[in-house]
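To find a chain, count down the sequence lines: A is the first, B the second, and so on, and within it residues start at 1. Nothing here was measured: the structure is a model prediction, and the numbers come from that model.
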Amino acid sequence: MITDQLKARVREALTIASGKGILQLNVSKVDISFETPRNKEFGDFACNLAMALSKTLGLPPREIAKTIVDNIVTGDGFLERVEIAGPGFMNFYLTPDWLHEVMVRIEREDDFYGRNRSLEGEKVLIEFVSANPTGPISVVNGRAAALGDTLGNLLAAIGAIVSREFYVNDALNSTQLNLMGDSLAARYLQLLGRDVELPEDGYQGEYLVDIAKDILQEFGNRFETMPDEERASLFRSFASSKMIEQQKTDLEAFGVKYDTWFYESDLYSNEEVSAAIQYMRDHGYAYEKDGALWLKTMELANDDQDRVLVRSNEKETYVAADAAYHLNKFKRGFNRLIDIWGADHHGYVMRLKAGIKALGCDPDACEIILTQMVLLMRDGEMVRGSKRAGDIIPLKDLVEEVGKDAARFYFLLNSYETTATFDLELAKKQSNDNPVFYAQYAHARCCNVLRKAEEMNVTVPKGTHVKRSLLIHDKELDLLRKLADFPGEVQTAADMLAPHRLTAYVREIGQALHQFYEECPALKEGVDPNLRDARLALFDATRIVVRNLLGLLGVSSPQRM
RNA sequence: GCGCUCGUAGCUCAGCGGAUUAGAGCAUCUGACUUCGGAUCAGAAGGCCGGGGGUUCGAAUCCCUCCGAGCGCGCCA
């Protein structure tokens with residue numbers, strides 16, 4: 001990256017200065033960082049090192065800056081000059097050549113432009129959505145789905161091996177699932193004309209009626225007369241398997257595909273839960289009280305009270321299963337776990353971390369991302385979004401209404417740290433204004449110009465063979481600057497686990513492209529062929545960057561719209 | 001009551017220690033079609049960055065406090 005070269009220059013200058021005894025510091029320990037100034041007048045890159053060093057060196061920032069600048073190599077066709085500004089900023093002005101070279105690089109790296117290997121060797125497991133199999137994927141889950149999937153793309157882009165996982169809460173002691181099975185059985189019997197009521201607090205959603213119809217069609221009335229208990233267990237498994245199937249379909253329509261669907265029930269059948277509990281006992285992290293088994297979460301994770309692992313009725317709690325589950329993740333070779341949860345589970349973070357620690361694993365290797373709530377609005381009223389009451393808004397509906405691209409982009413638009421209000425009507429209405437189209441149009445526009453060139457029998461030239469130094473128009477340089485930012489933007493977004501930065505960035509690229517398009521014609525009459533070719537090459541480079549960027553977001557790049 | 005999170009333009013949000021003008025989009029108002037497709041571009045207007053203290057050369061950004069909103073505090077998941 002270009003800033004690495006600048007860093008090397010600065011480090012060189014520091015070494016010289018400290019060699020002369022002007023600055024007294026351990027050069028290898030100095031952390032040098034660059035930023036791209038908001039205002040172009042402040043150069044291509046700015047460095048605040050002098051201010052940062054001011055305290056440790058006991059010298060005024062501007063004086064330090066001067067020493068560094070005096071010892072830095074400039075005027076060699078790469079770095080034009082360095083200026084000191086304001087309280088002690090060093091502003092670096094590069095020759096436009098470096099921007100022109102970006103075109104060559106983009107062309108050469110093509111699909112790989114923007115990627116790097118900084119996370120090589122890291123094996124990351126991202127677990128997200130993991131909705132109970134008691135209803136369809138809702139728009140509320142859409143946020144986690146878009147976030148998790150895109151984070152996966154991002155981390156993979158910087159070299160990690162990424163696996164996406166959905167945890168299916170299908171354990172036998174799930175009361176929700178039992179209730180769901182009973183509700184389904186009631187629907188089934190109702191369809192057969194029997195006068196059966198839904199269980200109290202049962203699941204009211206229409207989707208259960210649909211599933212009941214499927215069952216009726218496939219198996220007829222053969223479950224009508226069987227003993228209640230037998231039917232209950234049968235319908236419980238029907239309910240969950242049908243639901244999971246549907247969840248898979250809905251998520252795939254949203255562009256999310258998991259590497260694994262991990263069943264909680266497997267943890268039990270493989271006795272991993274009991275083994276985990278035994279381990280905790282053996283290591284003194286669990287104790288008995290009031291007939292139950294407790295985990296020392298106070299000691300392990302500063303919890304305000306200890307938590308139950310095994311109830312007095314001998315059923316394990318969620319803590320036990322989840323600890324065992326995370327141990328399983330580590331055992332599969334992942335050295336970094338990312339869990340995406342809704343903010344309503346934040347009270348649970350400590351417990352899980354305690355559980356992980358009690359099993360001898362490193363709690364810090366597990367990052368838990370809490371997405372703020374998505375509040376539902378319908379007809380101007382808040383909706384609780386309860387699956388039981390059947391008032392959820394399915395993600396499927398949104399995807400069908402506005403399309404996968406707009407739906408995904410919608411959720412990636414802002415940080416997961418802010419509470420979002422979701423109004424389906426508004427989302428539909430706004431889909432025409434969704435910035436995703438602005439970005440996609442930028443891509444289509446590039447394709448269009450290139451296509452037009454071919455129609456005019458102009459061969460689209462390679463950036464390598466073009467007179468790049470002709471690109472000196474403000475809008476050309478602005479666009480090139482944006483394209484040059486891409487690798488850094490990917491890195492930052494991945495480091496911060498913040499995909500929403502990319503949705504902001506893609507709009508900036510779009511803007512730069514559209515402005516360039518307006519002001520810098522390539523194929524109009526009277527444009528010098530050399531300039532025309534250089535501009536065509538720039539369109540092509542932009543096309544590649546936008547396509548790569550949208551790809552990271554899981555959004556398609558149409559050639560025409 | 002205790003804990004976690006969030007308060008930035010009319011609305012939806014970026015910015016999360018840096019540069020005397022705090023940025024986008026939508027909505028509002030003006031302009032640009034003899035066009036490489038206007039799903040575009042140019043411009044205007046709109047803010048004591050919830051209030052108050054503090055740390056710092058420098059704060060929307062870090063700390064404290066108050067106010068407001070959301071969410072948690074089960075032998076539920």
Side-chain angles (χ1 to χ4, degrees), chain A residues 35 37-39 41-42 46 48 51-52 54-55 60-62 85-89 91 130 132 134 169 171 173-177 264 289-294 303-305 307-319 321-322 342-350 370-373 375 410 413-421 423 426 429-430 432-442 444-453 455-456 458 475 496 498 500-501 503-505 507-508 510-511 513-525 527 532 535-536 539 560-561:
Chain A
E35 59 182 60
R38 173 161 236 100
N39 193 335
E41 285 164 28
F42 294 139
N48 66 350
M51 278 114 88
S54 165
K55 192 155 238 172
R62 287 192 68 105
F89 287 102
N91 293 333
S130 301
N132 285 334
T134 52
N169 298 116
N173 58 2
S174 163
T175 49
Q176 294 178 10
L177 210 45
E264 183 187 8
K289 193 183 85 180
D290 304 333
L293 188 72
W294 298 71
D303 204 349
D304 52 2
Q305 64 182 85
R307 306 290 170 173
V308 170
L309 271 177
V310 184
R311 287 167 244 176
S312 48
N313 66 6
E314 297 190 351
K315 281 187 178 175
E316 297 86 349
T317 63
Y318 218 72
V319 191
D322 253 1
D344 51 341
H345 287 76
H346 69 78
Y348 193 73
V349 173
M350 268 188 198
L370 296 173
T371 68
Q372 287 303 307
M373 302 276 81
L375 307 173
Y410 182 89
L413 229 32
N414 36 277
S415 151
Y416 58 80
E417 284 171 335
T418 51
T419 318
T421 307
D423 183 329
L426 195 67
K429 216 167 71 186
Q430 283 184 343
N432 287 331
D433 298 320
N434 193 313
V436 77
F437 297 118
Y438 187 83
Q440 288 182 317
Y441 184 51
R445 186 164 244 184
C446 291
C447 293
N448 189 60
V449 172
L450 298 172
R451 192 164 46 230
K452 180 88 178 181
E455 281 168 17
M456 293 167 68
V458 176
K475 300 302 178 192
M496 296 176 67
H500 73 278
R501 293 182 61 100
T503 56
Y505 171 63
R507 129 154 268 305
E508 287 172 22
Q511 187 168 37
L513 181 274
H514 292 308
Q515 289 178 352
F516 161 66
Y517 175 89
E518 293 285 335
E519 295 200 29
C520 304
L523 297 173
K524 285 193 183 172
E525 297 241 354
V527 178
R532 175 197 67 197
R535 285 177 173 171
L536 286 175
F539 273 113
R560 35 177 114 221
M561 292 172 75

Ignoring hydrogens and angles, answer whether the base of B/G25 and the side-chain atoms of A/Asp433 contain a donor-acceptor pair closer than 3.5 Å. no
Record whether the side chain of A/His514 comes under 3.5 Å of the base of B/C41 through a donor-acceptor pair of N or O atoms. no
If you take atom types as modelled and just measure distance, does the side chain of A/His346 reach the base of B/G3 with a donor-acceptor pair under 3.5 Å? yes
Residue matched to B/A60 through Watson-Crick or wobble contacts both under 3.5 angstrom: none
What interatomic distance, in whole Å, is found between P of B/C64 and the corresponding atom of B/G23? 29 Å
Any donor-acceptor pair, under 3.5 Å, between the side chain of A/Asp344 and the base of B/A77, if you only look at N and O atoms? no
Taking any heavy-atom pair under 4.0 Å as a contact, classify A/Ser415: base, sugar-phosphate, or nothing. sugar-phosphate
Please name the nucleotide paired to B/C13 by Watson-Crick or G-U wobble geometry with both distances under 3.5 Å, or report none. B/G23
Centroid under 5.5 Å and tilt under 30°, A/Phe42 to B/A19: yes
Any chance the side chains of A/Asn448 and A/Arg451 put a donor and an acceptor closer than 3.5 Å? yes
Start at the 5' end of RNA chain B and walk down; is the nucleotide closest to A/Met350 or to A/Glu417 reached first? A/Met350
With no angle test and no hydrogens, is the base of B/C75 tied to the side chain of A/Ser312 by a donor-acceptor pair under 3.5 Å? yes
